[in-house]
Amino acid sequence: MAQIVLNNIVKLYDDKHPVIHGIDLDIRDGEFVVFVGPSGCGKSTLLRMIAGLEDISGGELHIGGKLANDIAPAERGLAMVFQSYALYPHMTVFENMAFALNLAGHKKAEVRAAVERAADILQITPLLKRKPKDLSGGQRQRVAIGRAIVRKPQVFLFDEPLSNLDASLRVQMRVEISRLHQELKTTMIYVTHDQVEAMTLGERIVVFNGGRIEQVGSPHELYNNPGNLFVAGFLGAPKMNFIPCTAMQGEAGKVSVRLPGGAVIDVAANGSTIASGDSLTLGVRAEHLGLRSAADTQDNLVDARVSHVEYLGDVAIVYASMEGVPEMLAVKQPAEEELLQAGNAMRLSLPPQRCLLFDAAGKALPRTV
């Protein structure tokens, strides 16, 4: 196992086009870290730089306490699992998993013991005599992971390994990879654009955007306390609702804001740096919005109208329009509750302690709960 430290890592193409902008990151020994972000944000490029498959244009990469910028990929003590399984079609599962060890000159008994141990961990022992064409997608991905395990690397690198699998297999493989980390206790870095994979797998998540890190934290921290609008909107399904608003009054414990339709609500946020008239964005998760009747007169309620309803089995998503808000607002509620019909008027409850506020630069105001 090994700690990985990135100090001001930069990647330039053609010596002038930056794609990674000074990344600083410390990945602890034995930690499971997920890199997540939209396509083209630089997460896979950074993973390949750690693996030695891409040159580092600037900064320092340390693996296990050693400067690794100029160490050959094969000597870094890493094993990488790609999106494509990259199995040799003419070899059996056993031969695919044993290939790297045989190439390195290990004794046959050592190779067999290593392959059998990895196969047992991944529950693919009955498949060792088969060839890749006789395997399902999930089985092939297990073989690819097993090929990495037998090398006993200091660090596992996963580059979107589940993208080619169907939905049910992805769920199953997420469980397998989590179990693998618990058993091996090896440092793992996992790249994905799927925020569900990130939330379910990572001990810590690193959110990338435009070659920069937006925020690093646990799944719980990033979901409940996003540092900015990008992180708030990227994590969560359906995504966080955003409502433009104007500050009416700000103080240490709360901020009063006026919404586009004229309603004034309070938000539990530190408004000591906010002045009356400042443009803000209010954010609230779908599960934190409440549905009320159009006649309800409680505080922190706003008028809305049902656009349509999605029934998802255990829950339903009610999409509602609100005056002055360009996007539909999503409200998640238990499916057994009475569903409103399209066109019905209603009121939305915005609990002060569940709402977030973002300033004009997109930075979240500190919460006071």
Side-chain angles (χ1 to χ4, degrees), residues 18-24 36-43 195 205-217 220-289 299-304 319-331 348-369:
V19 293
I20 300 293
H21 305 265
I23 296 294
D24 292 308
V36 69
S39 297
C41 68
K43 57 189 185 296
Q195 52 97 9
I205 299 173
V206 183
V207 182
F208 285 83
N209 184 31
R212 294 180 171 87
I213 292 177
E214 293 283 349
Q215 191 174 354
V216 181
H220 182 272
E221 178 185 355
L222 296 189
Y223 188 80
N224 291 290
N225 294 293
N228 56 46
L229 278 170
F230 178 83
V231 176
F234 188 81
L235 296 177
K239 71 175 186 177
M240 181 178 283
N241 297 297
F242 294 123
I243 303 171
C245 58
T246 304
M248 300 295 292
Q249 180 182 0
E251 53 191 68
K254 71 174 184 177
V255 181
S256 297
V257 297
R258 184 181 298 279
L259 303 184
V264 176
I265 68 168
D266 293 330
V267 178
N270 187 343
S272 58
T273 61
I274 298 301
S276 178
D278 284 355
S279 294
L280 303 173
T281 300
L282 183 147
V284 58
R285 297 280 182 198
E287 63 270 25
H288 296 152
L289 281 173
D299 293 336
N300 269 39
L301 296 181
V302 296
D303 294 326
Y319 289 92
S321 60
M322 197 175 88
E323 182 182 347
V325 180
E327 295 186 359
M328 293 290 173
L329 303 180
V331 186
L348 292 177
S349 169
L350 292 90
Q353 70 277 13
R354 290 295 192 176
C355 294
L356 296 170
L357 283 177
F358 303 88
D359 63 21
K363 185 178 178 180
L365 301 186
R367 302 175 72 168
T368 55
V369 290

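Heads up: numbering here begins at 1 and tracks the sequence. Everything quoted here is computed from the prediction, not taken from an experiment.
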Pair Glu214-Asn228, side-chain donor/acceptor within less than 3.5 Å: yes
Gap between atom SG of Cys41 and atom CD1 of Ile20 - 0.5 Å precision: 8.0 Å
Asn224 (side chain) donor-acceptor with His220 (main chain) under 3.5 angstrom: yes
Check: Asn225 main-chain N/O paired with Gln215 side-chain donor or acceptor under 3.5 Å: yes
Gap between atom SG of Cys355 and atom CG of Leu350 - 0.5 Å precision: 4.5 Å
Name of the residue among Asp278, Ile265, Ile243 meeting side chain to side chain contact (heavy atoms under 4.5 Å, CB included) with Val257: Ile265
Approximate separation, where rounding is to 0.5 Å, of Met240 CE and His288 NE2: 8.5 Å
4.5 Å side-chain heavy-atom contact, Val267 and Gln353: no
Check: Tyr223 main-chain N/O paired with Arg285 side-chain donor or acceptor under 3.5 Å: yes
Note, Leu357 side chain near Cys245 side chain (heavy atom, < 4.5 Å): yes
Distance, nearest 0.5 Å, that separates CD1 of Ile274 from CG of Asp359: 6.0 Å
Note, Pro244 side chain near Ser279 side chain (heavy atom, < 4.5 Å): no
Heavy-atom side-chain contact between Phe234 and Asn209 under 4.5 Å: no
Note, Pro226 side chain near Leu356 side chain (heavy atom, < 4.5 Å): yes
Modelled atom types, side-chain donor and acceptor of Thr368 and Asn270, under 3.5 Å: no
Inter-residue atom distance Leu229.CG - Phe358.CZ, 0.5 Å rounding: 5.0 Å
Shortest non-hydrogen separation from Ala330 to Asn241 and the atoms involved: N-OD1, 2.7 Å
Heavy-atom pair of closest approach, residues Leu235 and Gln195: CD2-CB, 3.7 Å
Nearest non-hydrogen partners of Phe242 and Gly283, listed with the distance: CD2-CA, 4.0 Å
Non-hydrogen atoms of Leu289 and Val331 that approach each other most closely: O-CG1, 3.6 Å
Test item: Arg212 side-chain N/O and Ile23 main-chain N/O as donor-acceptor pair under 3.5 Å: no
Separation between OG of Ser276 and CE of Met248, rounded to the nearest 0.5 Å: 6.0 Å
Glu221 CD: over 12 foreign heavy atoms closer than 6.0 Å: yes
Note, Val207 side chain near Ile213 side chain (heavy atom, < 4.5 Å): no
Main-chain N/O of Pro38 paired with Lys43 side-chain donor or acceptor, under 3.5 Å: yes
Other residues, nucleotides, ligands: >12 heavy atoms within 6.0 Å of Glu287 CD: yes
Nearest non-hydrogen partners of Ala320 and Ala304, listed with the distance: CB-CB, 4.2 Å
Least distance between heavy atoms, Ala269 atom then Val255 atom: O-CG2, 3.7 Å
pair Ile205-Val216: side-chain heavy atoms closer than 4.5 Å: no
